[in-house]
Amino acid sequence: QVQLVESGGGLVQAGDSLRLSCAASTGPFTSYAVGWFRQAPGKEREFVAAISRSGGSRYYADSVKRRFTISRDNTNDMVFLQMNSLNPEDTAVYFCSARAGPLSSRNDDYNYWGQGTQVTVSS
């Protein structure tokens with residue numbers, strides 16, 4: 001069991017940057033791979049990025065590969081999503097998720113979820 005809390009969302013203009021944070025309340029944090037997903041109004045939940053337990057492997061959706069960077073700080077039980085060159089298509093609720101295993105792009109593989117943080121990008 002792990003509790004996750006996202007923060008860092010907000011309202012920005014196209015071309016701006018945001019950094020999302022995901023804080024885990026229990027450890028050992030190195031036992032969990034972490035993924036970011038997003039869900040826009042009227043759309044299904046979409047994979048964004050994932051990072052392995054040690055942070056040595058990363059995987060991105062093609063739509064964000066050149067713009068977003070996922071990282072983690074296991075000492076402080078934190079995962080980050082740096083989002084650059086945001087556009088209106090990035091508008092969504094962003095969710096942090098965790099699983100006790102290797103990274104995955106499948107939402108069904110993740111057992112634990114945060115409540116989400118809203119990112120809104122205006123044109």
### Task
Let me see the working for Ser57 and Leu103 under side chain to side chain contact (heavy atoms under 4.5 Å, CB included), right down to the final yes or no.
CA-CA 8 Å; Ser57 297; Leu103 64 82; 3.8 Å; yes
#### Entry: side chain to side chain contact (heavy atoms under 4.5 Å, CB included) assessment of Leu4 paired with Trp113
CA-CA 6 Å; Leu4 304 172; Trp113 294 83; 5.8 Å; no
Working to the nearest 0.5 angstrom, can you tell me the gap between [X] [atom1] and [Y] [atom2]?
X      : Y      : atom1 : atom2 : result
Ser63  : Phe47  : OG    : CZ    : 9.5 Å
Glu6   : Gln118 : CD    : CD    : 12.0 Å
Arg38  : Glu44  : CZ    : CD    : 14.0 Å
Trp36  : Thr117 : CH2   : OG1   : 7.5 Å
Met83  : Leu18  : CE    : CG    : 4.5 Å
Ser105 : Tyr59  : OG    : OH    : 5.0 Å

Check whether [X] reaches the backbone of [Y] with its side chain - one donor and one acceptor, N or O, closer than 3.5 Å.
X      : Y     : value
Ser97  : Gly35 : yes
Gln39  : Ala92 : no
Thr120 : Leu11 : no
Asp90  : Asn87 : yes

Please report the closest heavy-atom contact between [X] and [Y], naming both atoms and the distance.
X      : Y      : value
Ser17  : Gln82  : CB-NE2, 3.9 Å
Ala50  : Ser104 : CB-O, 3.7 Å
Arg53  : Ser31  : CD-O, 3.4 Å
Ser123 : Ala14  : CA-CB, 4.4 Å

### Query
Do the side chains of Tyr60 and Val48 get nearer than 4.5 Å, heavy atoms only?
no
#### Entry: Close side-chain approach of Met78 to Ser21, heavy-atom, < 4.5 Å
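A side-chain contact exists here, since the closest heavy-atom pair is under 4.5 Å.
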Would you say [Y] ends up clustered with [X] if hydrophobic residues are merged whenever their side chains have heavy atoms under 4.5 Å apart, either directly or through other cluster members?
X     : Y      : value
Phe29 : Leu81  : yes
Phe37 : Val119 : no
Leu20 : Ile51  : yes

### Query
Should the heavy atoms of other residues, nucleotides or ligands under 6.0 Å from CZ of Phe80 be counted, would the total exceed 12?
yes
### Query
Looking just at side-chain N and O atoms, do Tyr110 and Arg99 make a donor-acceptor pair shorter than 3.5 Å?
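Note: Tyr110 and Arg99 side chains miss the donor-acceptor criterion.
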### Message
For a quick check under 3.5 Å, do Thr91 and Glu89 share a side-chain donor-acceptor pair by atom type?
### Response
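Side chains of Thr91 and Glu89: no pair found under 3.5 Å.
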### Query
Should the pair Tyr94 and Phe68 be assigned to parallel (<30°), tilted (30 to 60°) or perpendicular (>60°) ring geometry?
tilted
